[in-house]
Amino acid sequence: MTAATATRLKDVPGAGNIDPTTGRTRSGGEYYFSRDGGPAAPQVELTAEAPSLTSLISSRRDALEHASFVTAQSTEAAGKQGDANREEWWRRSFGNAEWRDGVTHPKMPDDFTPSKSAGTALNGSRRTSRRWYKGADIAVRMPSVSAIKRYSASIDGATFDLPVQVANAAGDDGIQGWVRVTQHGEQWSVSGLGMNAADSAGMSEAVRALLESRTPTVELSTVDDLRKRYRDRVRAEGTQMETVASSGFIDGVAFNAKAETLTLSMNGRHYSYPATEEVYQALKNSRSPGKVFNTLIKGRPAARRLTSCDDCNRIYAPGAEHRCPTRHKAPQVEASAWDRLARRGARVLTGRPRK
């Protein structure tokens, strides 16, 4: 038996840093993994150099083949054509996905159809149906809403990952990546994976709008502004308070940088004050937050009384619409045979991942 050839993954985008002997996550990328899946060894120090585009591509390929954990990423999309790019769309999706050995969130498979007739999916069955959902300023391609809801029911409402492409009105192919979704009755939790905050917010809100709509085929054409919808939903969820140490009467604090408002919970009551970031930091980090309050905040005008939700404990304005935030569930399933097939079938985009 020949000796294992090691693949260093210290600088691999998306490579895992899980010690395979203990299953614990280590900081700093302290482990690499042998090609035969053998035990990890302490990583060799490498000279710090800016990675070339070619090395980034090959490194992700190495990570997909060898690492125990690969983070998700988003890239430019495979194109807008329908059936002509189905194979490339799915394989690029597999290349962008999060992959984890052991317990993981399931991914909606490429063969989730009722008939299970012969086709071009990884296991030889028919591909999961994809659809374009189009609006004036945005278009979303993903498995059909009806198929997504059937799949959610088939796994008893567990959290799962969903491949998505979003194109814009400018005619660009857009971006392709994954969102994590969880059904909570009529509501859905949706969050982008491996993408920047702007892409995650836009893609997530579009997918959420489709999944929560009774008429998804026309939903995006009736939504005037997804950004406004996102802001309204976040506002309706209310404010999550942070605890304050060493205070006799201040129970919690939160700061809204955009609105420049400071929210305080004091003796079971909640108030909002106009304040700066400096005031917030001074109060939060002080050993005597009560003294900071008395000096910088108490007696200032425009204090507003707020209320709290008994279910989620978030703070919001009296009379305002409130919607308790929904959350994803912990992973409960082991990686399946389909996961292994999909990972082997991944195609890494020959271009720079979207930042």
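Model, not experiment: these values are computed from the prediction.
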For R323 and Q187, what are the C-alpha separation, side-chain angles and deciding distance, and is it a side chain to side chain donor-acceptor pair (under 3.5 Å)? CA-CA 10 Å; R323 170 177 173 172; Q187 298 182 18; 3.2 Å; yes
Derivation of the salt bridge (Lys or Arg N to Asp or Glu O under 4.0 Å) call for D101 and R343: CA-CA 11 Å; D101 293 347; R343 187 166 175 170; 3.7 Å; yes
Using the rule given for side chain to side chain donor-acceptor pair (under 3.5 Å), can you reason through D339 versus S336, listing the C-alpha separation, both sets of side-chain angles and the distance that settles it, and then say yes or no? CA-CA 5 Å; D339 289 308; S336 66; 3.0 Å; yes
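Pairing each heavy atom of R340 with each of A335, the nearest pair is NH1-O, 3.8 Å. Minimum heavy-atom separation, G192 to S200: N-OG, 3.2 Å. The shortest non-hydrogen separation linking A147 to F112 is O-CE2, 3.6 Å. Counting all heavy atoms, side chain and backbone alike, V145 lies closest to Y133 at N-OH, 2.9 Å. Considering every non-hydrogen atom in both L122 and L341, the closest pair reads CD1-C, 3.9 Å. T182 approaches K329 most closely through the heavy-atom pair CG2-CE, 3.9 Å.
Remark: Q240 CD is packed, more than 12 non-hydrogen atoms of other residues, nucleotides or ligands lying under 6.0 Å away. In this structure, K149 places its NZ atom where more than 12 heavy-atom neighbours from other residues, nucleotides or ligands lie under 6.0 Å away.
The backbone N or O of N267 lies less than 3.5 Å from a partner atom in the side chain of D251, making a donor-acceptor pair. Within the 3.5 Å criterion, the main-chain N or O of G95 finds a donor-acceptor partner in the side chain of R60. For S154 (side chain) and Y151 (main-chain N/O), a donor-acceptor pair under 3.5 Å exists by modelled atom type. Under a 3.5 Å cut-off, the side chain of R91 and the backbone N or O of G345 do form a donor-acceptor pair. Judged purely by atom type and a 3.5 angstrom limit, K107 uses its side chain to pair as donor or acceptor with the backbone of E98. Judged by distance alone, the side chain of T104 and the main-chain N or O of P331 form no donor-acceptor pair under 3.5 Å. Listed for the T263 side chain is no donor-acceptor partner under 3.5 Å among the backbone atoms of V253. With R208 contributing its side chain and W188 its backbone, the two residues share a donor-acceptor pair below 3.5 Å. With hydrogens and angles ignored, the 3.5 Å screen pairs no side-chain donor or acceptor of S125 with any backbone N or O of A121. Under the 3.5 Å distance criterion, the side-chain polar atoms of R314 are left unmatched by any main-chain donor or acceptor of C324.
To the nearest 0.5 Å, atoms CZ (F160) and NE2 (H105) are separated by 11.5 Å. Between the CZ atom in R327 and the NE2 atom in H184 there is a gap of 9.0 Å [rounded to 0.5 Å]. Distance CG/N256 to OG1/T239: 7.0 Å, rounded to 0.5 Å. With values rounded to the nearest 0.5 angstrom, D110 atom CG is found 7.0 Å from N123 atom CG. Taking CG from L262 and CG from L296, the interatomic distance works out to 10.5 Å, rounded to the nearest 0.5 Å. The distance from atom CD of E242 to atom NZ of K284, rounded to the nearest 0.5 Å, is 4.5 Å.
Contacts classified as salt bridge (Lys or Arg N to Asp or Glu O under 4.0 Å) and involving residues 150-162 (residues at least two apart or in different chains) are given here: D161-R180.
Between T217 and R131, the closest side-chain pair of non-hydrogen atoms falls below 4.5 Å. Contact annotation: the side chain of L220 approaches that of I138 to within less than 4.5 Å [non-hydrogen atoms, C-beta and beyond]. When side chains are defined from C-beta on, I297 counts as touching V279, because their heavy atoms get closer than 4.5 Å.
With sequence neighbours left out, the salt bridge (Lys or Arg N to Asp or Glu O under 4.0 Å) criterion links E260 to no other residue. Listed by chain and residue number, Y316 satisfy the ring pair (Phe, Tyr, Trp, His ring centres under 6.0 Å) test with H322 (two or more places apart in sequence, or in another chain).
Side-chain contact of S59 with D62: a donor-acceptor pair under 3.5 Å is absent, judged by distance alone.
In this structure, F293 is a member of the same hydrophobic cluster as Y271, with clusters built from ILVMFWY side-chain heavy atoms closer than 4.5 Å. If you chain together hydrophobic residues whose side chains sit under 4.5 Å apart, M142 and I155 fall into the same group. Note on F255: it clusters hydrophobically with Y273, by side-chain heavy-atom contacts below 4.5 Å among ILVMFWY residues. Hydrophobic clustering of Ile, Leu, Val, Met, Phe, Trp and Tyr side chains at less than 4.5 Å, counting indirect connections, keeps M241 apart from L264. When hydrophobic clusters are built by joining Ile, Leu, Val, Met, Phe, Trp and Tyr residues whose side-chain heavy atoms come closer than 4.5 Å, directly or via intermediates, V218 is not grouped with L210.
Under the ring-ring contact (aromatic ring centres under 6.0 Å, His included) rule, F94 has a single partner from W338, W178, W89, which is W338.
In summary, R127 and E87 engage in a salt bridge, as defined by a charged side-chain N under 4.0 Å from a carboxylate O.
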